[in-house]
Structure formats: C-alpha cells, structure tokens
Protein chains: 2
Amino acid sequence: MRVLVVEDAADVAEAVAAALGRAGYACDIAGDLAAARDHVGVQGYDVVVLDINLPDGDGRDFLRSLRRGGNRVPVLMLTARIEVSARVDALDDGADDYLVKPFDLRELEARVRALTRREAGRVEARLRLGAIDYDPSAQVVRVGGKPLPLTRREMALLSLLMGHPGHILSKERLFDGLFSFADSEVGVNAVELYIARLRKKLAGSGAVIETHRGLGYRIAEGG
Amino acid sequence: MRVLVVEDAADVAEAVAAALGRAGYACDIAGDLAAARDHVGVQGYDVVVLDINLPDGDGRDFLRSLRRGGNRVPVLMLTARIEVSARVDALDDGADDYLVKPFDLRELEARVRALTRREAGRVEARLRLGAIDYDPSAQVVRVGGKPLPLTRREMALLSLLMGHPGHILSKERLFDGLFSFADSEVGVNAVELYIARLRKKLAGSGAVIETHRGLGYRIAEGG
DNA sequence: CGCGGCATGACAGGTCCATGACAGGTCCGC
DNA sequence: GCGGACCTGTCATGGACCTGTCATGCCGCG
C-alpha cells in the first residue's frame, strides 16, 4: 500500500510518514503542489493525505484537478480548525474524508486504513485466508489463533497479497507497494526475497503463494 | 497518561500538577486559552482539567471549540462555587465532569482517574494480568498478593501497558504518556530504560513485556 | 538443452534494542 | 541544613534482529 503525504510542514510530514511507515505503508512526501503533481503523475497511490494550506496553492485546487483528470484515488484532507466551512467544500470537491488539525496520529492511521479498506470494497477490518487471520489495525497475524511473528516488510507484503485474494499481483506492483522513493536503490529482487521468507513462515498455514511465471504472485488457499 | 491543566492561578496549577504527577500522570500546564490551544494542537491528552475563568476568555468557549473540532478528550471542569448555573452549561457543552472550587486534591485525583478509566471502557478500578494486581487509586502493585515496590515512573509505565492489554504501544506513545513538556530534554532512550527496569522487577509475575521491533512494546501473560 | 525468470542460502551493513555503570537531583530523617 | 538513600536519566557498549545484495542453482518453457 502506497501513500502520498502532501504537507509543507516538514516535521508534521515526517511524523505522519513515520507513523504510516510503522503501519506498513510505503510513504512519499511532497512539500508543495508542484511536487505532489509530479508524484501523482509518476506513481499510483492507494491514498493521498492532503493538506489544504500549501506554499504554492490550495490543496482543494489540486484535488479538483485530480478529479477532473479522472483520478479517483481516496483523498484524506487535513484542515485547520478555523477552516470549518472549508471542510464541507473539501467533501464537495471530492475528498473522501477529512481530519482537523491538530490530529492524533493513531486517528490518522485509522482513517487511512478505513479508506484503503473501503477502496477494496471490504467492510470487515480483518482479513482471513485458510488459517491465516490478519488484523491490520493491531499489526498482528495469527495462524490458527496463534500469533505469527512477521517483520514490517513481511507484514506489508502479506497485506498486499491478502488484500487481493485470488488476483495475481505483478512483481512491480508489489514493489511499488512495499518501497517508497526514499528506498530508491532497492533492487526488484527484494520482492522475491520477501516472497521466499513469507512462504517459509506461512508453511502449514493453509495458504500458499503461487508463482505465475512472468506475471507475478497470487495467494490462495490450499496447503 | 497525559493531562493538561488549564488554570491561570499558578499556585493552584502547580499544586494540581504536582498531585497528578505523584499519581503517575505526565502534566502540562497552560495559563490561558491561547496556551491551551497550542498544547492541544501539538499533543494528545487523556484528560483536560479546565478552569472556567481564564484571563483571555471563558473555558467553556474553549471546550465548545474543542468539541466542534471533533476532539472528544475527557474534560474535567473547575467551577467556582458562585457559578452554579455554569456547571449545568459546562456539562451541556460537553464536559465530562466538574469540580467545585475549592476542592480537595485527592478528590481531583480520583475524578481524573475515573475519567481515564471510563475512557478505557473499564468499570473495575483494578487492573490484573497474570499474577499482577495493580490498584491505580492506591498506587500499589501486588504480585501474587505481595506488594511490589515500584517507583513513580515504573508505575506509570506499567499503568500504560496494562491499560491496553494485548495492544502494542509505540515508544513515542509511551514517551508521551510518561513525560511532560517540562521534561523536554529527556531522550527517547529513557523508555527503553524503564522497560528494562520494569522487566527485571516483574520477573516471575506471570506477565512479560514483549518487544516488537520497530513497533513498540506489549504486555501479555506468560513467561 | 539453453535461456530467462525465479528460489534460496549466505553474508554484510545497518538499525533498533538491552543493559551495566555513572552522575546529578530529590526527598527524607535527623 | 546536612547526609544518605533512592530515584532519574545519560552514555556507551554489546547484541539481536531486520534488510537487501550477491551468487549459485533450480525450474519451466521453448
């Protein structure tokens, strides 16, 4: 899962990216609208966290231009407390949710999670497959009720796979969901590595990660 | 647990902060509404103790603007005896409890404790896990019935962990609950230190503090 | 049987964490 | 106020674990 954070206050942006990073999201940061446009043009995102006040314009303009361009990526607006009326506008302009600054990082995390969930058409917070039970909010994976220790990357990879059960996800797609621009020098081989590690840990879980040569990977039931 | 004390009489504010500090709360003090707004903007609180008469406005206005902004932090209002009618208003405005000045510090402490407990959805005053029995009001921890001497910080940390059983609490979250702005220069490493000390004292208590690399800590039974 | 894509063990570097030793401060009794 | 016990937080060191690269060998498909 990949998130773009558009926020000019560097400390806030970093804090948000760090929190989402802990939650397994790959985060890019854009400090102004120009950078945001560049990012969105090059990379697909699962969620955009968008501040309203930016040095080179209004976040709502960016949002409107996104929507006009047909981009339906879920957008979470950040509004200052004073901008009460702006919130309504934001929703009218196509934002999917908003959060009033200052906000609690846990709440932001929860809302981003809700947006990605809604996008996937799910209502249930937990994901299940075979004996695997994955709780994104608690960052816990259980196999047959027993917690399975996974590292952050392993968890992120599992989350991507389980979020599209039965679908084949290309290696590039997985790569984009796992690594942000900040991890620029990472090789594509890293995905294969984590697939291997995840397979080892998921042995005997009632689910397998199938390889589809030249296409990608797919998680499915069956031991 | 973190508390914001909004009160312009410095001596009262200090007394309140000292009392709550002894009880293991990390306390910040705001002398007026402007300072209170700044604090709430930067830091999440578990409880706000709010005086009505402040040099730059009415505490109830602050409370209303908090609620309008979606902030549901439990608020304990402090009212002078004369402001009888104001109390009703306060509750209408979204306060969770009120206390008439002058008040006994122990009563304030008890009410703050009640608010944090209610927030956590607990009814029972005591917390238990394994052989650990923690009584916040008495500030006593027993292991298998035998009192276990803990320092203030150790107790505060245990309280945070036991207040969210099964959940992983990030180091930053624990840090925010342990230290107030007055302890500004404290390093994040201090949390690790107290985790180590607490672990040592809790050895053989039927509970363990697990480390979740990059995520935080979690208390659980077993061990 | 040859090739490209994939799997996987081994390794190096880095990050995060654990913990002992120490110094300053606080609190308390005297 | 004085001394000592204890609490507090810093630092530094060592260790555990995570991460990604490399190299080697496998597999499947032509």
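Please read all numbers here as calculations on a predicted model, not as lab measurements. Naming: A, B, ... by sequence-line order, numbering from 1 per chain.
B:Arg199 and B:Thr211 share a donor-acceptor pair across their side chains, judged by distance under 3.5 Å alone. No side-chain donor from either of A:Arg111 and A:Thr116 sits under 3.5 Å from a side-chain acceptor of the other. Side-chain N/O atoms of B:Asp28 and B:Tyr45 include a donor and acceptor closer than 3.5 Å.
Listed nucleotides: C:dC17, C:dT8, D:dG20. Nearest to the side chain of A:Phe179: D:dG20. The A:Ala190 side chain lies nearest to D:dT21 when the options are C:dT8, D:dT8, D:dT21.
If you find the closest nucleotide of DNA chain C to B:Gly216 and to A:Lys171, the one lying nearer the 5' end belongs to A:Lys171.
Under 4.0 angstrom from either OP1 or OP2 of C:dG20 there lies at least one side-chain N or O belonging to B:Lys200. At least one side-chain nitrogen or oxygen of A:Thr211 sits closer than 4.0 Å to the OP1 or OP2 atom of C:dA7. One finds no side-chain N or O of B:Arg153 lying less than 4.0 angstrom from the OP1 or OP2 phosphate oxygen of D:dC7. The phosphate of D:dT19 (OP1 or OP2) has a side-chain N or O of A:Thr151 nearer than 4.0 angstrom. For the pair A:Tyr217 and C:dG5, the criterion of a side-chain N or O lying under 4.0 Å from OP1 or OP2 is not met. Of the side-chain N and O atoms in B:Arg199, one or more sit less than 4.0 angstrom from OP1 or OP2 of C:dA18. Remark: A:Arg152 is not in phosphate contact with D:dC18, judged by side-chain N or O atoms under 4.0 Å from OP1 or OP2.
Note on A:Asp183: nothing from the nucleic acid sits closer than 4.0 angstrom, heavy atoms only. Counting any heavy atom pair closer than 4.0 Å across all strands shown, A:Arg197 reaches a base atom.
Look at CG on A:Asn189: it is 14 Å from C1' on C:dA10, rounded to the nearest Å. Taking atom CE of A:Met155 as the reference point, atom C1' of D:dT19 lies 15 Å away to the nearest angstrom. Protein atom CD of B:Glu192 is 12 Å distant from nucleotide atom C1' of D:dT10, rounded to whole Å. Here the P atom of nucleotide D:dT19 and the CD atom of A:Glu185 are 14 Å apart, to the nearest Å. Between B:Leu215 atom CG and D:dC18 atom C1' there is a gap of 12 Å when expressed in whole angstrom units. One atom, CD1 of B:Ile195, and another, C1' of D:dG9, lie 15 Å apart when rounded to the nearest Å. Spacing between atom CG of A:Leu198 and atom C1' of D:dC18 amounts to 15 Å, rounded to whole angstrom units. A:Leu193 places its CG atom 17 Å from the P atom of D:dT24, with the value rounded to the nearest Å.
Between the side chain of B:Arg213 and the base of D:dC18 there is no donor-acceptor pair of N/O atoms closer than 3.5 Å.
When atom types are taken as modelled, the side chain of A:Lys171 and the backbone of A:Val191 share no donor-acceptor pair closer than 3.5 angstrom. Between the side chain of A:Asp183 and the backbone N or O of A:Ser180, at least one donor-acceptor pair lies under 3.5 Å.
Judged by the 6.0 Å and 45° rule, B:Arg2 forms a cation-pi pair with B:Phe181.
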